[in-house]
Peer 1: 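Starting off with a structure, shown below.
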Amino acid sequence: MDEYLQANRNLWDEWTTEHEQSPFYDVPAFKAGKDRLRSIELEELGDVRGKRLLHLQCHFGMDTLAWARRGAIATGVDFSERSIALARSLSQELNIPADFICSDVENLPAVLFGEFDIVFTSYGVLHWLRDLKQWAEIIAHFLAPGGIFYIVEDHPFMRILGAGSETELKLANPYFFPGPDKIENVPSYATGGQGDMHTFYIWNHTLGEVINVLIGAGLRIEFLHEFPYAARAKFDGMKKGEDNWWRLTRQDGLIPFLFSLQARKTKQ
Ligand SMILES: C[S@@+](CC[C@H](N)C(=O)[O-])C[C@H]1O[C@@H](n2cnc3c(N)ncnc32)[C@H](O)[C@@H]1O
């Protein structure tokens with residue numbers, strides 16, 4: 001593992017400890033039966049009962065376990081040892097069966113065997129990956145013939161904007177950059193700006209790149225949807241609606257915050 005991945009893995013070990021205590025992840029509510037799966041993936045992925053579901057970059061497994069609660073035969077993967085240890089302990093404590101594997105996505109074919117009906121990944125995953133071509137090939141590798149890959153993720157367009165508040169939205173970052181981009185002295189998104197400061201590395205991936213690597217890996221794109229709302233406040237002044245999505249107040253509907261995509265491994 002190189003210095004970038006090592007730094008990011010240390011970060012995610014530290015963030016796991018912060019996130020376990022955070023209202024953002026609200027572990028006590030999850031233990032009481034509430035989960036954080038959202039309307040987009042619930043409606044688009046539909047009935048998962050009896051399906052073998054592989055969840056890439058599962059963090060400490062709450063969404064993996066939420067799919068398992070809905071009847072999926074779930075396997076979660078993450079490269080943070082602390083995340084996977086916490087996921088396993090939640091699985092045991094709540095008596096929700098699921099497998100959890102500690103692995104870098106890049107190394108997964110060396111440690112996990114078998115095939116899956118669904119490969120799922122969500123909300124804040126792509127910019128941690130440096131090689132998206134390899135990522136897509138790994139997804140295709142684990143899909144059973146006819147199986148689907150599903151992602152719901154931050155829209156890469158949104159990352160070009162920076163602002164202190166909605167009224168000051170401006171172009172702040174490039175859309176095209178290879179990375180790694182070193183991000184210094186920022187707290188976790190889950191701690192409301194109150195957590196410890198950290199340094200980490202990210203890579204940017206355009207929407208075109210995401211689509212093309214999946215096509216290149218032999219998958220057939222079935223849909224791509226874009227949404228003008230976010231899963232959390234991305235800029236000051238955004239408001240959470242009754243539907244739990246965060247929207248700009250003055251410029252609602254003008255900017256894509258999320259996308260979802262489904263692709264299928266054809267049968268031959
Ligand atoms: C923002 S979280 C995933 C979001 C998840 N939906 C959630 O809200 O809990 C990103 C996850 O990716 C994991 N991760 C980052 N780079 C990875 C890599 N190269 N291989 C495996 N996991 C990785 C981190 O440990 C972290 O748990």
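First listed ligand is number 1; within each ligand, the first listed atom is number 1. Note that the coordinates shown come from a computational prediction; the quantities given were computed from them, not determined experimentally. Any value given below was found using the heavy atoms of this structure, including those in side chains, with hydrogens, waters and symmetry copies removed.
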Peer 1: Indicate the ring-plane relationship of W67 and F120, choosing parallel, tilted or perpendicular according to the 30° and 60° boundaries.
Peer 2: perpendicular

Peer 1: Within the 4.0 Å heavy-atom shell around S122, which atoms of ligand 1 are there?
Peer 2: 4 (C), 5 (C), 6 (N)

Peer 1: Look at the aromatic rings of W12 and Y189 and report parallel, tilted or perpendicular, splitting at 30° and 60°.
Peer 2: tilted

Peer 1: Is the Lys NZ or Arg CZ of R52 less than 6.0 Å from the centre of F142's six-membered ring, within 45° of the axis?
Peer 2: no

Peer 1: Need the ligand 1 atom indices (1-based, order shown) with element for anything under 4.0 Å from a heavy-atom of H59.
Peer 2: 9 (O), 27 (O)

Peer 1: Does Q92, at its CD atom, have more than 12 non-hydrogen atoms belonging to other residues, nucleotides or ligands within less than 6.0 Å?
Peer 2: no

Peer 1: Would you mind checking if R70 and D35 are paired as a salt bridge, meaning a charged N to carboxylate O distance below 4.0 Å?
Peer 2: yes

Peer 1: How far is atom 1 (C) of ligand 1 from the closest protein heavy atom, and which atom is that?
Peer 2: G124 O, 3.2 Å

Peer 1: If the cut-off is 4.0 Å to any non-hydrogen atom of R36, which atoms of ligand 1 fall inside it?
Peer 2: 8 (O)

Peer 1: At under 4.0 Å between heavy atoms, which part of Y25 makes contact with ligand 1: side chain, backbone, both or neither?
Peer 2: side chain

Peer 1: Is the NZ or CZ atom of R38 positioned over Y123's six-membered ring, under 6.0 angstrom from the centre and within 45° of the axis?
Peer 2: yes

Peer 1: Backbone, side chain, both or neither: what part of W135 comes under 4.0 angstrom of ligand 1, heavy atoms only?
Peer 2: neither

Peer 1: With ring centroids as reference points, do F200 and W128 lie under 6.0 angstrom apart?
Peer 2: yes

Peer 1: Counting heavy atoms only, which part of R9 comes closer than 4.0 Å to ligand 1: side chain, backbone, both or neither?
Peer 2: neither

Peer 1: Please identify which atoms of ligand 1 are closer than 4.0 Å to at least one heavy atom of Y189.
Peer 2: 1 (C)

Peer 1: Does F79 approach ligand 1 within less than 4.0 angstrom via side chain, backbone, both or neither, non-hydrogen atoms only?
Peer 2: both

Peer 1: List every atom of ligand 1 that sits less than 4.0 Å from any heavy atom of W128, numbering the atoms from 1 in the order shown and giving each element.
Peer 2: 15 (C), 16 (N)

Peer 1: Does at least one non-hydrogen atom of N8 fall below 4.0 angstrom from an atom of ligand 1?
Peer 2: no

Peer 1: Taking only residues two or more places apart in sequence, or in another chain, which ones meet K234 in a side chain to side chain contact (heavy atoms under 4.5 Å, CB included)?
Peer 2: D154, M158, A230, R232, M238, F257

